[in-house]
Every structure is written in structure tokens, then in C-alpha cells.
Amino acid sequence: MRRVVCPGSFDPVHKGHLEIIMRAASLFDEVVVSVSTNPAKKYRFSEEERIDMVSESLSGFSGISVEPMGAGLLAEYCRRIGANAIVKGLRGSSDYEFEAPMATMNRHLSGVETVFFHGDGRYQHVSSSLIKEISALGGDISEFVPKPVLQRL
């Protein structure tokens, strides 16, 4: 079985994230969406709320599960759950520059490969931070987020 991890904080999940997850589901037997919490980050939603939003947004799709990553290294998490690869979405070259060293280190630590998907052009400009900012200022984010997120924001 080819199991892949799609990690992220998903604060909140948006359609760019979902597009990458669905593409991963078309190529791998099982996709584990792992919701992470970085103690250095300030989150709008709790880990439980983020897991719920991702789960609700992906309900009805087979081969996809959502769970907390817990503390520790992504490489160790992948080894623990038997993942063959990590999938990361890239919006542009700056995302690649940030992700490439982590991909190399994860492969070094665990042998797990990272697969990069170039994001759909419709969502190149979308980020969770931007979604939260636009929403807080009263802007319309409905075309960028799934209904479970829109209802919470």
C-alpha cells in the first residue's frame, strides 16, 4: 500500500490545500492529512477545530483520513504510520526554497521522499494567513474556502 502524508497546520484549510490533497488521493492508495501544531505559531483555530474543518471538508472521499500529527519530527511521524512519502503543495519558487531543505532532511532522517505538487493557478495567491486577514476585515472569502471554514469564519 502506498500511504502518503499531507502535513500542515491548516489554520484554516482552504481550497488550495484541498486541491493538493485530492491530487494526492488520485495517485496514492491512502492519504493521511496530518494536522500539526507548532508551539511558535499563533493559531486562530484550536487543533480540534482544524481537524474538524479538514474532516468536514473532505467527508465523502475515500482513501483520505485526518489526524493530529502530535509532537515530534515529521520524519518520525511518517515512519511511525508507515508512510512512503510526504506531499507538499508549492505556490511558487519561495515555497520551494523553504521546503527543499526540509525534504532533504526528512529523506536523510527517515528515507521518506517528498513529492512536490505545483498548485493550481486559481489558488496561487491564497494562503491561510491571507484568508484570515481578509475575513477579519469583512472581505468575501467564499470562493477560496470550503463551507465548513466559511461557517466558522
**Q.** Test item: side-chain donor near acceptor, Arg50 and Thr37, under 3.5 Å
**A.** yes
Q.
On a heavy-atom basis, which atom in Gln124 and which in Gly92 lie closest, and how many Å separate them?
A. OE1-N, 4.4 Å
(Q) So does Leu90 get a backbone contact from the side chain of Glu99, meaning a donor-acceptor N/O pair under 3.5 Å? (A) no
**Q.** Residue that, paired with Pro12, satisfies side chain to side chain contact (heavy atoms under 4.5 Å, CB included) out of Pro146, Ser57, Ser128, Pro148
**A.** Ser128
(Q) Going by the rule side-chain hydrogen bond (donor to acceptor under 3.5 Å, both in side chains), which residues pair with Arg152 if we only count those two or more places apart in sequence or in a different chain? (A) Glu56
Q | CE/Met105: more than 12 non-hydrogen atoms of other groups inside 6.0 Å | A | no
Q: Measure centre to centre between the rings of His17 and Phe10, then say whether the value is under 6.0 Å.
A: yes
Q: Identify whether the distance between the nearest side-chain nitrogen and carboxylate oxygen of Lys15 and Glu19 falls below 4.0 Å.
A: no
(Q) As an exercise, state the distance from CD1 of Ile51 to CD of Glu67, rounded to the nearest 0.5 Å. (A) 8.5 Å
(Q) Tell me which pairs pass ring-ring contact (aromatic ring centres under 6.0 Å, His included) where either residue lies in residues 36-69, with sequence neighbours left out. (A) none
**Q.** Asn84 and Val4: CA distance, side-chain angles, deciding distance, side chain to side chain contact (heavy atoms under 4.5 Å, CB included) verdict
**A.** CA-CA 6 Å; Asn84 306 89; Val4 65; over 6 Å; no
Q) How close do Ser110 and Arg79 get, heavy atom to heavy atom, and via which atoms? A) CA-NH2, 3.2 Å
Q) Run the side chain to side chain contact (heavy atoms under 4.5 Å, CB included) check on Val149 and Val13 step by step: do they pass? A) CA-CA 7 Å; Val149 173; Val13 66; 3.6 Å; yes
(Q) Please check: side-chain N/O of Glu76 versus main-chain N/O of Leu73, any donor-acceptor pairing under 3.5 Å? (A) no
**Q.** Sole candidate of Leu130, Leu153, Val126 that passes side chain to side chain contact (heavy atoms under 4.5 Å, CB included) when paired with Ile141
**A.** Leu153
Q: Check which hydrophobic residues are tied to Tyr77 through side-chain heavy-atom contacts below 4.5 Å, counting indirect links as well, and list them.
A: Val5, Val32, Met69, Leu74, Ile81, Ile86, Val112
Q: Using the test side-chain hydrogen bond (donor to acceptor under 3.5 Å, both in side chains), find all partners of Asp95 that sit at least two apart in sequence or belong to another chain.
A: Arg91
Q. Between Asp29 and Arg2, is there a donor-acceptor pair closer than 3.5 Å when you use the side chain of the first and the backbone of the second?
A. yes
Q: Write out all pairs satisfying side-chain hydrogen bond (donor to acceptor under 3.5 Å, both in side chains) with one or both partners inside residues 131-147, taking only residues at least two apart or from two chains.
A: Asp11-Lys132, Asp140-Ser142
(Q) According to ring-ring contact (aromatic ring centres under 6.0 Å, His included), who are the partners of Phe116, at least two apart in sequence or on a separate chain? (A) Tyr96
